[in-house]
Amino acid sequence: MKRGDGDVVRGGGVVALLAARGARTHRRAWAAVFAALALGSLLLGTLGLAAGSAALGHARVDRYAGADAVVAGTQSTSYTAKPWGSEARTVRAGLTERVRVPARALDVVRQVPGVRAVIAHVAFPVTARTDSTARALTGRPWEATPLSEGRPPTGAREIVVGEGVARAGDRLSIAYGTGSATDTHTYTVTGVSADAHRTAHLSRDEAHRLAGKAGELDAIGVLADSGVPDDVLRTRVRHALDAAQLRDVSAPHRAADDPAPLRVLTGDARGEAEFLAAAPARMPLLQVLASLASVVVLVAVLVVTSTVAQALRQRARELALLRAVGATPWQLRRAVGREVGRIAVLAAVVGAVGAVPAYLALRALLVGRGAVPEGLELPFPPWLAAAPLGTAGLMVLIAWLTALGCSARAARARPAEALRKEEPGSARQLAGCVLLGLGAASAGAGALQHGAAAAAAASASALTMVIGCALLGPWLARGAMRVLGAPMRRLGVGGRLAASACTANAARLGAAITPVVLVTAFVLVQLGGGATLGHEAAAQARGAARADVAVSGPGVPYDAVERIRRLPGVAAATAVAHGTVVVPGKELGEPSLERLPVLGVTPRSLARTLDPAVREGSTDGLRPGTVAVGTDRARTLGVRPGDHVQLRFGDGSEARLRVVATYERALALGDFLFSYEELTRHMTAPPPVRVLAALAPGASPTSLLTAFPGARVERNPLPERVRAEDQALGEVLTAVAVTAIGGFTVIAVLSTLTLISVGRGPELRQLRLAGADRRRLRRMLLLESAATATAGLFLGTATAALPLLAFTLSAAGRLPWLPPGQGALIVAVVVLTTTSATLLPARGALRGRYPATAR
């Protein structure tokens, strides 16, 4: 029957009244929902701001701020492959070594209309030495840098340095070059610059000579005529370079499907020509934030759904009585939806407001821990502060849909049926079993994957199995009580009461166990995977360490390894360089480019200073054109000594290398081991020299201490170990993820157990009236909380064990490991949370000699 306008108004008034009365009457129940929604809105708003800032991120424009445009090489590499049953796709990865520009591009750009001047830029490492010190500096051509003392350099043996290095008129010994080409000359300091920092400025001709790359430049600065817009300048220079068919200097060595056009950078993009690691770091940052946000959303859905459902479950009789006295299904659903909506909107707004300072704190933490590479700016324009409102709306929608779903049964049931207690059905049991099976299958698939694919499979497996455990909560609770019930009944009257209560209310115990399973499983998977890899990598690094002494610092020349080998008492010496390579391949059928940290070493007597645990072949054959491969990577690629692998170095050059050995300690030393010469010739500049030396029995490192003034000599040096470029980022955001998940689930545990305890008020009062004293009831509640914590911890550990085991066996070849302190902290948080949430709400029923009569 169609309602009239008056009925609609009256119905709306009834809905508003029910919603207002319900919110006031059940403040304690909605407090937990408020906390969960506020935390969810805060976390998602913070991650949304971080993702938006990362998407807007760019390299800082510093050295090229005075140029209108910059011509630079292509600092990325591409790979094209055809996925299963699809068209070919292209993926790209950033390059962290400089790709240079041909010098003949200077004449081409100089002739472009609107170009006033062009500046050739090169940079190269030099070492400034005095009698007792040595400083690593970057040599550059002289620029119009303000001088605080002296004059610019004009002659071939004149130099300008920063404050604190030397004074005008001093003479400095400058070492430059690489390998056997290392040379040293004396320069006169003609000026001192407060802006030079760690830079040494030389005359233009001398700087280009020392750079040692004939016909190659780092970049070209372009100065435009007055009034020429940046976009017009960029278009003109782009057309001129294309017409001249100019490519960067790595083009002849790149893969066929990897083009290498010169780039024309304007605006904020100019910084990419200086800070090479900034642009490649943006995509990993966005990927990690997206992964973290997806986990937070899923956990938020589980926690908010759990808290809202538990709050409404405590009011099942109230909702049924409202139906009995004439409330229509529409009114009931609208009343519950409005009641939850009021709480959700306020909580989401509170979380959104707190997201801005939380993001600023997160950004400061990332910068402080070195998780953001030098030169990467993360802007925060004022309009971005509105982004948390979108995530707040998402949290409101989640809460509202959950409320409608939870009130659906009471709304559609007849009043007499609504008062009847409903047992969980077989469909729920079947769905839970299916999800457990899917989680196990995902873990099995992860065991066959490598790297990021294995980690993603482990996370998906853990989430699927946690949801399955939530659906199977009542049945798991019954099973737990079959195990825990017998020992509990032996603990006196309190134990028998606790066992009987848990057995009779399996659904209630299952609801209490679910959030404990959630926190235990997720935290174990998040912490256990990284901890196991780190523990195994540290063990491998310690096993590989054989050197007695490490020599490093700017006082060490590039040919130091040969000089150290000739020193008395030195049995073996190895030069070590850290770099990166990019490996093309496929993951789950999709094309991928994986950037990996690697080592370059001098192979002579390598096992005496750095033992990679060779399994096949020999590292003695390491030289340009060859490579040693870790055993896991060799299995993935299907190669053995004598086979060939194809990869790309940090400057984009592709190489087909012959495998000379496979080795075990790849987690510590990287998946590929190159000769020092092979790796360093593809680097922007040779890294600071580090030489590992093994001493003869009874020998002293005295000769090493005096051989290189200004060098640092470490006795019993720290083990050599590669580190991924985004390792610091992963560590910080993993800690944030664990904290977020822990906070969510602690709220879920507290709210669920608090609501259960509040709902048990009449039951506890009746037990007191029946003769149970406060001590026995308190013992009963303590044992119930112990049963909840024990069952939740066991099920959570079992849920995490399968995906974690699959991941660690695939990635580290060992069983999962977790620091004992972290494990104890998880147990302590669960025990304290379950105990406090069980005992504190029951204080009213346990207070006084006789309990108050239940209302």
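One is the number of the first residue; the rest follow in order along the sequence. We use all heavy atoms of the structure for the numbers below, so side chains are in, but hydrogens, waters and symmetry mates are not.
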Less than 4.5 Å apart, side chain to side chain, heavy atoms only: is that true for [X] and [Y]?
| X | Y | answer |
| --- | --- | --- |
| T90 | Y79 | no |
| F674 | V581 | yes |
| D225 | R116 | yes |
| L599 | L610 | yes |
| V165 | L172 | yes |
| V228 | V115 | no |
| E206 | P153 | no |
| R236 | P113 | yes |

Ignoring hydrogens and geometry, is there a side-chain-to-backbone donor-acceptor pair from [X] to [Y] under 3.5 Å?
| X | Y | value |
| --- | --- | --- |
| Q75 | V99 | yes |
| R648 | R254 | no |
| R140 | T199 | no |
| R623 | E678 | no |
| R595 | G94 | yes |
| R369 | L366 | no |
| D68 | A224 | yes |
| R282 | A59 | no |
| S53 | P379 | yes |
| S675 | P603 | no |

Write down the atom of [X], the atom of [Y], and the distance for their closest heavy-atom approach.
| X | Y | answer |
| --- | --- | --- |
| R363 | L378 | NH1-O, 2.5 Å |
| L679 | A577 | CD2-O, 3.7 Å |
| A207 | F124 | O-CE2, 3.3 Å |
| A51 | L286 | O-CD2, 3.4 Å |

Around E374, counting heavy atoms of other residues, nucleotides and ligands shown, do more than 12 lie under 6.0 Å from its CD?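 Check fails, neighbour count at 12 or below.
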
Atom CZ of R204: over 12 foreign heavy atoms under 6.0 Å: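 No, not enclosed.
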
Charged N-O contact under 4.0 Å between R110 and D107: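 Looking at R110 and D107, the cut-off is met.
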
Ionic contact status for R60 with E274, cut-off 4.0 Å: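 No, no charged N to carboxylate O under 4.0 Å.
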
Go through it in stages, so that I can follow the logic: the residues are T602 and R565, the test is side chain to side chain contact (heavy atoms under 4.5 Å, CB included), and I'd like the CA-CA distance, side-chain angles, deciding distance and then a yes or no. CA-CA 12 Å; T602 50; R565 284 175 182 153; 3.5 Å; yes

Checking side chain to side chain contact (heavy atoms under 4.5 Å, CB included) for the pair V126/L137: CA distance, chi angles, key distance, verdict? CA-CA 5 Å; V126 298; L137 303 176; 3.9 Å; yes

Going by distance alone, is a donor N or O of one side chain under 3.5 Å from an acceptor N or O of the other, for [X] and [Y]?
| X | Y | answer |
| --- | --- | --- |
| E97 | T684 | yes |
| S203 | D205 | no |
| D651 | S250 | no |

Can you tell me how far apart [atom1] ([X]) and [atom2] ([Y]) are? Round to the nearest 0.5 Å.
| X | Y | atom1 | atom2 | result |
| --- | --- | --- | --- | --- |
| D170 | I159 | CG | CD1 | 11.5 Å |
| D231 | R238 | CG | CZ | 15.0 Å |
| R263 | E272 | CZ | CD | 5.0 Å |
| R92 | S76 | CZ | OG | 3.5 Å |
| E654 | F649 | CD | CZ | 10.5 Å |
| R234 | H239 | CZ | NE2 | 11.0 Å |

Among V161, T190, T138, V160, which one satisfies side chain to side chain contact (heavy atoms under 4.5 Å, CB included) with H201?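 Checked V161, T190, T138, V160 against H201; only one passes side chain to side chain contact (heavy atoms under 4.5 Å, CB included): V160.
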
Show your working on side chain to side chain contact (heavy atoms under 4.5 Å, CB included) between Y187 and L202 and close with a plain yes or no. CA-CA 10 Å; Y187 289 76; L202 299 101; 3.6 Å; yes

Apply the test salt bridge (Lys or Arg N to Asp or Glu O under 4.0 Å) to residues E714 and R690: give CA-CA distance (whole Å), side-chain angles for both, the deciding distance (0.1 Å), then the verdict. CA-CA 11 Å; E714 305 170 60; R690 179 176 171 84; 3.0 Å; yes

Parallel under 30°, tilted from 30 to 60°, perpendicular over 60°: which one fits the rings of Y359 and F380?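 Ring orientation of Y359 relative to F380: tilted.
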
Geometric class of the Y64/H121 ring pair [parallel <30°, tilted 30-60°, perpendicular >60°]: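 Rings of H121 and Y64: perpendicular, over 60°.
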
Assess the residue pair R100 and D248 against the criterion (salt bridge (Lys or Arg N to Asp or Glu O under 4.0 Å)); give the C-alpha distance rounded to whole Å, side-chain angles, the decisive distance to 0.1 Å, and a yes or no. CA-CA 6 Å; R100 290 183 168 85; D248 62 44; over 6 Å; no

Take D268 and E377 through the side chain to side chain contact (heavy atoms under 4.5 Å, CB included) test and state the conclusion after the steps. CA-CA 10 Å; D268 290 339; E377 290 194 342; over 6 Å; no

